[in-house]
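Report on the structure given below.
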Amino acid sequence: MAPAKGRPLSPVANAANSLGKLADHLRTARRKKDLSREQLARQLGCSLATIQRAEGGKAIPSRETVQGYVRVCLIDHAEAEKLWNKAVIHRHGRTARTYTQAPGPELVRTADELGAALARIWEQNGRPSTREMERRADNRYTETRAPLSRSTAERISRRKSLPGSEKTLRAYLIACEVPEARFPMWIRAWARIQVRRQRARDRARRAAMREIQKQAPAAKSRMRQAGLIPLDKFRGPVAPWSARHITCGTVSRYRFRSVLEGTAHCPVCNELLPPVRTTEDLSGP
């Protein structure tokens, strides 16, 4: 083993609890690889202070730092992950291991379930900051062409919205360090929700059109009361509706709601049309 450089190492703090055990595990792994703290810091691309904190037992190293030890010092990934999770729980209390209840991506069927599942992988990843998530996604941007802004990461991880595109979903999965082998099942889950959302929008649109068709005869009657002859189909109270003004004979486009409220006028002769507003007419879509 190489001789120690600089100041001698202080004993690991909190050696009896999970924080100390993680720190001791990392320090032992580094020593077995015959690396000084400075050498390891250079290989990980971090500061010496980061290594000192990781091996000090007083603070929880980032998950990325622990994974750097796994990569450089060739320690068991599962064991390091287990120790890190225990340290997080010890530091933050039991609430740190309380995860959002959610099905796996292969079982997701609703938008709420997908939102919960995406929040859960963020929690399982140690709740990284939005700054860290943005950095992780940016590091893979040349491969994915999928940026992830901090605001987007915030909205998805807090269940305020879902990824707006498959690229954004990929960026979020990268930011939460989900293994790429699991990407396809997440993409399929997201695609299922998009199909369901589109079907729901289509059903709502068809229902609205049926309601408009029911109102069409009454709407045409009201237009005639206002001195207008409709020339095409009624498409709703705010859609422009071609009609001939009986007084001057010109054809213009009017909004039915404006006609009902008495605010419509002929753009040619400038005549203000008489109001024909009724409660029943304004109750439609």
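What you see is a predicted model, and the numbers here were worked out from it, not measured in a lab. Quick note: residue numbers are just sequence positions, from 1.
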Look up atom [atom1] in [X] and atom [atom2] in [Y], then write down how far apart they are to the nearest 0.5 Å.
| X | Y | atom1 | atom2 | answer |
| --- | --- | --- | --- | --- |
| Lys220 | Lys233 | NZ | NZ | 9.0 Å |
| Cys176 | Glu132 | SG | CD | 11.0 Å |
| Arg155 | Thr152 | CZ | OG1 | 4.5 Å |
| Ser157 | Asn125 | OG | CG | 11.0 Å |
| Asp112 | Ile193 | CG | CD1 | 9.0 Å |
| Asn270 | Cys266 | CG | SG | 8.0 Å |

Hydrophobic cluster membership, with links at side-chain heavy-atom distances under 4.5 Å among I/L/V/M/F/W/Y: are [X] and [Y] in one?
| X | Y | result |
| --- | --- | --- |
| Met133 | Trp84 | no |
| Met185 | Val178 | yes |
| Val251 | Trp241 | no |

Quick check: do [X] and [Y] have side-chain heavy atoms less than 4.5 Å from each other?
| X | Y | result |
| --- | --- | --- |
| Arg255 | Pro237 | no |
| Asp24 | Lys21 | no |
| Cys73 | Leu26 | no |
| Leu83 | Val66 | no |
| His25 | Ile75 | yes |
| Thr250 | Cys269 | no |
| Pro128 | Arg136 | yes |

I would like to know whether Arg127 and Trp122 meet side chain to side chain contact (heavy atoms under 4.5 Å, CB included); could you show each step before the answer?
CA-CA 5 Å; Arg127 296 175 168 85; Trp122 170 73; 3.6 Å; yes

Carboxylate-amine/guanidinium proximity below 4.0 Å for [X] and [Y]:
| X | Y | answer |
| --- | --- | --- |
| Asp202 | Arg205 | yes |
| Glu154 | Arg150 | no |
| Glu134 | Arg131 | no |
| Arg30 | Glu55 | yes |

Using the side chain to side chain contact (heavy atoms under 4.5 Å, CB included) rule, take Ile121 and Trp186 through it: C-alpha gap first, then chi angles, then the decisive distance, then the call.
CA-CA 11 Å; Ile121 60 174; Trp186 282 102; 3.5 Å; yes

In sequence, state the C-alpha distance, the side-chain angles, and the governing distance for Arg244 and Leu228, and then conclude on side chain to side chain contact (heavy atoms under 4.5 Å, CB included).
CA-CA 5 Å; Arg244 185 184 304 280; Leu228 299 171; over 6 Å; no

Can you tell me which residue among Gln43, Lys33, Gln39 is in a side-chain contact (heavy atoms from CB on, under 4.5 Å) with Val72?
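Among the candidates, only Gln43 passes.
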
Apply salt bridge (Lys or Arg N to Asp or Glu O under 4.0 Å) to residues Arg42 and Glu38 and explain how you reach the verdict.
CA-CA 6 Å; Arg42 284 195 294 271; Glu38 292 83 355; over 6 Å; no

Can you tell me which residue pairs pass the salt bridge (Lys or Arg N to Asp or Glu O under 4.0 Å) test with a partner in residues 179-198, sequence neighbours excluded?
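Non-adjacent pairs meeting salt bridge (Lys or Arg N to Asp or Glu O under 4.0 Å): Arg140-Glu180.
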
For residues 161-173, which residue pairs pass the salt bridge (Lys or Arg N to Asp or Glu O under 4.0 Å) check, not counting sequence neighbours?
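Checked against salt bridge (Lys or Arg N to Asp or Glu O under 4.0 Å) - neighbours excluded - the pairs reaching residues 161-173 are Glu166-Arg170.
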
Name all residues meeting the side chain to side chain contact (heavy atoms under 4.5 Å, CB included) criterion together with [X]; count only those two or more places apart in sequence or in a different chain, and write none if there are none.
| X | answer |
| --- | --- |
| Lys82 | Glu79, Lys86 |
| Asn17 | Asn14, Leu19, His90 |
| Ala23 | Val12 |
| Arg53 | Ala49, Thr50 |

List the atom of [X], the atom of [Y], and the distance in Å for their closest heavy-atom pair.
| X | Y | answer |
| --- | --- | --- |
| Phe183 | Ile174 | CZ-CG1, 3.8 Å |
| Thr110 | Val108 | O-CG1, 3.7 Å |
| Ala226 | Pro274 | O-CD, 3.6 Å |
| Val88 | Ile60 | CA-CD1, 3.7 Å |
| Pro163 | Trp190 | O-NE1, 2.9 Å |
| Ala153 | Leu148 | CB-CD2, 4.0 Å |

Within the 3.5 Å criterion, strictly below it, is a donor on Arg201 or Gln198 matched to an acceptor on the partner's side chain?
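Indeed, the side chains of Arg201 and Gln198 share at least one donor-acceptor pair under 3.5 Å.
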
Parallel under 30°, tilted from 30 to 60°, perpendicular over 60°: which one fits the rings of Phe256 and Phe234?
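Perpendicular.
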
Does Leu162 form a side chain to side chain contact (heavy atoms under 4.5 Å, CB included) with Tyr172? I'd like the steps, not just the answer.
CA-CA 10 Å; Leu162 296 178; Tyr172 182 81; over 6 Å; no

Heavy-atom neighbours of Gln101 CD exceed 12 at 6.0 Å
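No - once you tally the heavy atoms of other residues, nucleotides and ligands closer than 6.0 Å, there are 12 at most.
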
